[in-house]
Amino acid sequence: MGSEVWNVLVTGGAGYIGSHTVLELLEAGFQVVVIDNLINAYKDLNSEKPKCLLIVEKLTNKNVTFIDCDITNINDLRDVFQKHTFSCVIHFAALKAVGESCQKPLEYYKVNVAGTVNILEVMRENNVKHFIYSSSATVYGIPEQLPLVEDMKTGNCTNPYGKTKFMVEEILKDLCKSDDEFSVISLRYFNPVGAHSSGQIGEDPNGIPNNLMPYIAQVSVGKRDMLYIYGNDYDTPDGTGVRDYIHIVDLAIGHVKAMTYQKTCNPMGFKAINLGTGKGYSVLEVIRAYEKASGKKIPYKIVERRPGDISASYADASVANKELGWTTTKNLDDMCADTWKWQQNNPNGYKN
Ligand code: NAD
Ligand code: UD1
């Protein structure tokens, strides 16, 4: 199995993390089929493919097969597996807005949990045994200790979105116990930010951004007046929340490393791996780094804490370092410089 070219199914490959990962997979020589229902991606009217994948094809000079498919429809998934043979599935497709998940929990359980079960069922029908899952540091709930290590307790999530990530990990553990040929790597992402260094693909949130870096980016190009900092009375050095921000390209390469690891190892059951830098930065530190990268002032106002926020979160990344041979190569200045480049080139995202 070691030397053959793997054909990879990437669900949600038209999204932020998916599109960057598809680019790195193509560069590494994998063949890629993307499925996505485009609920959170932009489709050019002149093409059947989402715009980000047209750009990925141009940047890599390679081809991606794209199929418009909703993971909640198991028969459509069966059609995809009938037309293509896969060695591995990387599963990004999900709904991801924490606030929305409290208003529409059923939609979140349907797509994130039931949709994932559909994929696993169709994989089983087709004897596909390698799965890489987009999990999140949110599965650790309120950290009892920092840095966060993979064998710490999970669960205790405060919102439906977080619970879906935890529930799927539990499903995957049970599946691996029931079938010793199954290999799952659940990648627990910390805070992915930034954009590809070309400045041509990046994060393109719908409406008001929920997350810090895209919000700052929109302030920097004048789309929003100021940033609202959610609290400065946390138990952190400057009182603002601390997070482990990770450059999107480092994160994408983490997936290539995880697949390469699966390709060369015997079936290994369920394995959770943190993808973070191991270093936390406060909101004020991110603002200062972004101002340096962009030369723009980011006006801000301190407001109430956001419900559900924790004071600090950062990874112990030593499992990824040792087992996948993966380390991050980009720092906070790179994350800000690449976000700025993408935002400046594409103030309206892919709709430009
Ligand atoms: P994204 O919204 O940009 O990408 C998700 C993609 O899935 C979108 O292109 C969307 O159209 C597609 N999709 C949604 N529902 C679908 C369905 N029913 N059928 C088919 N396609 C569907 O999000 P992202 O930031 O790229 O996140 C990718 C994954 O990583 C998600 O599972 C998310 O929960 C997880 N994650 C993201 C972060 C983050 O900060 N971005 C952090 C931790 C984990
Ligand atoms: C949030 C989600 C988390 C999800 C992650 C995806 C919540 C409660 N948590 O995490 O479940 O996995 O996104 O990346 O939504 N901040 C501001 N002003 C803003 C935005 C953010 O001050 O406008 C602060 C936050 O309080 C936090 C830090 O910036 O201290 C980072 O916030 P964010 O980017 O939303 O990420 P998380 O809160 O880590």
Side-chain angles (χ1 to χ4, degrees), residues 10-21 34-43 50 52-53 67-73 76-77 90-102 107-108 110-112 114-116 118-119 133-139 141 157-159 161-165 168 187-193 203-206 208-216 218-219 224 226-232 234 236 240-246 248 251-252 255 275 280-284 286-287 300-314:
V10 179
T11 78
Y16 171 47
I17 305 175
S19 54
H20 287 81
T21 302
V34 167
I35 59 171
D36 200 298
N37 71 349
L38 304 179
I39 195 157
N40 201 27
Y42 185 74
K43 192 160 100 52
C52 60
L53 293 184
I67 304 168
D68 190 337
C69 171
D70 189 321
I71 60 167
T72 61
N73 186 327
D76 286 357
L77 285 173
I90 305 184
H91 179 37
F92 294 106
L95 301 176
K96 64 162 184 178
V98 172
E100 186 188 60
S101 78
C102 300
E107 279 78 358
Y108 275 69
K110 186 171 169 188
V111 174
N112 295 11
T116 305
N118 282 344
I119 292 164
Y133 179 59
S134 285
S135 188
S136 165
T138 197
V139 299
C157 305
T158 54
N159 57 74
Y161 166 73
K163 287 180 192 171
T164 66
K165 292 284 147 185
V168 168
L187 295 173
R188 294 180 179 158
Y189 312 152
F190 280 69
N191 289 60
V193 297
E203 188 168 13
D204 182 16
N206 264 332
I208 303 170
N210 296 310
N211 299 116
L212 179 65
M213 191 65 95
Y215 203 108
I216 291 179
Q218 292 198 1
V219 173
R224 314 230 163 247
M226 67 168 75
L227 172 75
Y228 297 95
I229 298 183
Y230 300 137
N232 66 349
Y234 284 106
T236 59
T240 63
V242 166
R243 296 291 184 275
D244 185 341
Y245 297 94
I246 170 171
I248 185 72
L251 187 83
H255 294 75
L275 290 184
Y281 288 98
S282 73
V283 175
L284 290 172
V286 175
I287 294 174
Y300 65 81
K301 187 175 166 192
I302 311 286
V303 295
E304 288 293 291
R305 289 181 178 195
R306 180 170 63 179
D309 266 0
I310 52 177
S311 65
S313 163
Y314 50 91

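Whatever order the structure lists them in is the order used to number ligands and atoms, beginning at 1.
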| task | For the pair N211 (side chain) and M213 (backbone), establish whether a donor and an acceptor sit closer than 3.5 Å, ignoring hydrogens and angles. | result | no
| note | ligand 2 atoms nearer than 4.0 angstrom to some heavy atom of Y245 are 28 (C), 31 (C)
| query | Between the main-chain N or O of T240 and the side-chain N or O of S282, is there a donor-acceptor pair closer than 3.5 Å? | reply | no
| note | Short version for H91: what comes under 4.0 Å of ligand 1, heavy atoms counted, is neither
| message | If the cut-off is 4.0 Å to any non-hydrogen atom of V98, which atoms of ligand 2 fall inside it? | response | 2 (C), 3 (C), 7 (C), 9 (N), 11 (O), 15 (O)
| Heavy-atom nearest neighbour in the protein, as seen from atom 34 (O) of ligand 2, with distance rounded to 0.1 Å | L212 N, 2.9 Å
| request: Record the part of N191 in heavy-atom contact with ligand 1 below 4.0 Å; permitted values are side chain, backbone, both and neither. | output: neither
| request: Could you tell me whether the side chains of Y108 and E100 share a donor-acceptor contact shorter than 3.5 Å? | output: yes
| ligand 1 versus D70, non-hydrogen atoms closer than 4.0 Å: side chain, backbone, both, neither? | both
| task | Considering heavy atoms of the protein only, find what lies nearest to atom 8 (C) of ligand 2 and give residue, atom and distance to 0.1 Å. | result | D309 OD1, 3.3 Å
| How far is atom 22 (C) of ligand 1 from its nearest protein heavy atom, and which residue and atom is that? | N37 OD1, 3.0 Å
| task | Just do the side-chain contact (heavy atoms from CB on, under 4.5 Å) check on Y300 and L284 with the steps written out, would you? | result | CA-CA 10 Å; Y300 65 81; L284 290 172; 3.7 Å; yes
| Distance only, no hydrogens: is a donor on one side chain within 3.5 Å (strictly under) of an acceptor on the other, for N40 and N206? | yes
| said: Is there a polar contact between ligand 1 and I39, counting only N or O atoms under 3.5 Å apart? | reply: yes
| field | Proximal ligand 2 atoms for S136, defined as those under 4.0 Å from one of its heavy atoms | value | 12 (O)
| message | Can you confirm, on distance only, whether ligand 1 has an N/O atom lying under 3.5 Å from any N/O atom belonging to I35? | response | no
| task | Please report which non-hydrogen protein atom sits nearest to atom 28 (C) of ligand 1, along with the residue it belongs to and the distance in Å to one decimal place. | result | F92 O, 3.6 Å
| task | Over 60° means perpendicular and under 30° means parallel, so classify the ring planes of F92 and Y189, tilted if in between. | result | tilted
| task | Would you mind telling me which of L227, V193, I229, N191 makes a side-chain contact (heavy atoms from CB on, under 4.5 Å) with L212? | result | L227
| note | The closest protein heavy-atom partner of atom 22 (O) of ligand 2 is Y230 N, 2.9 Å
| task | Have a look at ligand 2 and work out which part of T138, if any, has a heavy atom under 4.0 Å from it: side chain, backbone, both or neither. | result | side chain
| Nearest neighbour in protein (non-hydrogen) for atom 2 (O) of ligand 1 | N40 ND2, 2.7 Å
| Under a 4.0 Å heavy-atom limit, does R306 contact ligand 2 with its side chain, its backbone, both, or neither? | side chain
| request: Under 4.0 Å, heavy atoms only, figure out whether ligand 2 is touched by the backbone of Y228, its side chain, both or neither. | output: backbone
| Can you tell me how far CG of L95 sits from NZ of K110, rounded to the nearest 0.5 angstrom? | 10.5 Å
| message | Please confirm whether C69 approaches ligand 1 to less than 4.0 Å, judged on its heavy atoms. | response | yes
| note | the protein heavy atom lying closest to atom 8 (C) of ligand 1 turns out to be D36 OD2, 3.5 Å
| field | Side chains of S134 and H91, donor plus acceptor under 3.5 Å | value | no
| remark: Sorted by chain and number, sequence neighbours left out, ring pair (Phe, Tyr, Trp, His ring centres under 6.0 Å) with Y314 holds for none
| task | Among all protein heavy atoms, pick out the one at the shortest distance from atom 40 (O) of ligand 1; state its residue, atom name and that distance to 0.1 Å. | result | P192 CD, 3.3 Å
| remark: atom 6 (C) of ligand 2: of N211, N232, T240, the nearest heavy atom sits on N211
| remark: CE (M226) and NZ (K301) are apart, to the nearest 0.5 Å, by 6.5 Å
| task | Please determine if Y161 has a nitrogen or oxygen closer than 3.5 Å to a nitrogen or oxygen of ligand 2. | result | no
| field | Identity and distance of the protein heavy atom lying nearest atom 33 (C) of ligand 1 | value | Y161 OH, 3.6 Å
| query | Where on S135 is there a heavy atom closer than 4.0 Å to ligand 1, on the side chain, on the backbone, on both, or on neither? | reply | backbone
| said: Could you check whether any side-chain heavy atom of V286 comes within less than 4.5 Å of a side-chain heavy atom of I216, counting everything from C-beta outward? | reply: yes
| said: Please confirm whether R188 approaches ligand 1 to less than 4.0 Å, judged on its heavy atoms. | reply: no
| remark: Taken to the nearest 0.5 Å, the spacing of Y42 OH from C52 SG works out to 12.0 Å
| remark: Among P192, G241, G99, closest by heavy atom to atom 30 (O) of ligand 2 is G241
| message | How far is atom 27 (C) of ligand 2 from the closest protein heavy atom, and which atom is that? | response | R243 NH2, 3.7 Å
| query | Does the side-chain contact (heavy atoms from CB on, under 4.5 Å) test come out yes or no for L251 and I248, once each step is laid out? | reply | CA-CA 5 Å; L251 187 83; I248 185 72; 4.2 Å; yes
| remark: C69 and D76 have their tightest heavy-atom pair at SG-CB, 3.9 Å
| Looking at S136, which atoms of ligand 1 are within less than 4.0 Å of one of its heavy atoms? | 43 (C), 44 (C)
| request: With heavy atoms under 4.0 Å as the rule, classify the contact between Y234 and ligand 2 as side chain, backbone, both or neither. | output: neither
| field | Partner residues of R305 under the salt bridge (Lys or Arg N to Asp or Glu O under 4.0 Å) criterion, sequence neighbours left out | value | D233
| Taking N or O atoms only and a 3.5 Å limit, does V283 qualify as a polar contact for ligand 2? | no
| For the atom pair OG (S136) and CZ (F190), what is the distance rounded to the nearest 0.5 Å? | 8.0 Å
| request: State the atoms of ligand 2, each with its element, that fall below the 4.0 Å cut-off from a heavy-atom position in N191. | output: 36 (O), 37 (P), 39 (O)
| Is the closest N or O pair between Y215 and ligand 2 shorter than 3.5 Å? | no
| said: Can you confirm, on distance only, whether ligand 1 has an N/O atom lying under 3.5 Å from any N/O atom belonging to I17? | reply: yes
| said: Just verifying a value: how many Å separate Y133 OH and H255 NE2, rounded to the nearest 0.5 Å? | reply: 11.5 Å
| Residue-ligand contact Y16/ligand 2, heavy atom below 4.0 Å | no
| said: Geometry only, no angles: is T72 polar-contacting ligand 1 at N/O separations under 3.5 Å? | reply: no
| request: Starting at CD1 of I35, measure out to CG of D70 and round the result to the nearest 0.5 Å. | output: 9.0 Å
| Which atoms of ligand 2 are found less than 4.0 Å from any heavy atom of N210? | 20 (C), 35 (O)
| task | Give the residue, atom name and distance (to 0.1 Å) of the protein heavy atom nearest atom 24 (P) of ligand 1. | result | K96 NZ, 3.7 Å
| Minimum-distance pair of heavy atoms, taken over all atoms of I71 and V111 | CD1-O, 3.6 Å
| request: For ligand 1, find out whether one of its N or O atoms is nearer than 3.5 Å to an N or O atom of A93. | output: no
| request: For atom 3 (O) of ligand 1, find the nearest protein heavy atom and state the residue, atom name and distance (0.1 Å precision). | output: Y16 N, 2.8 Å
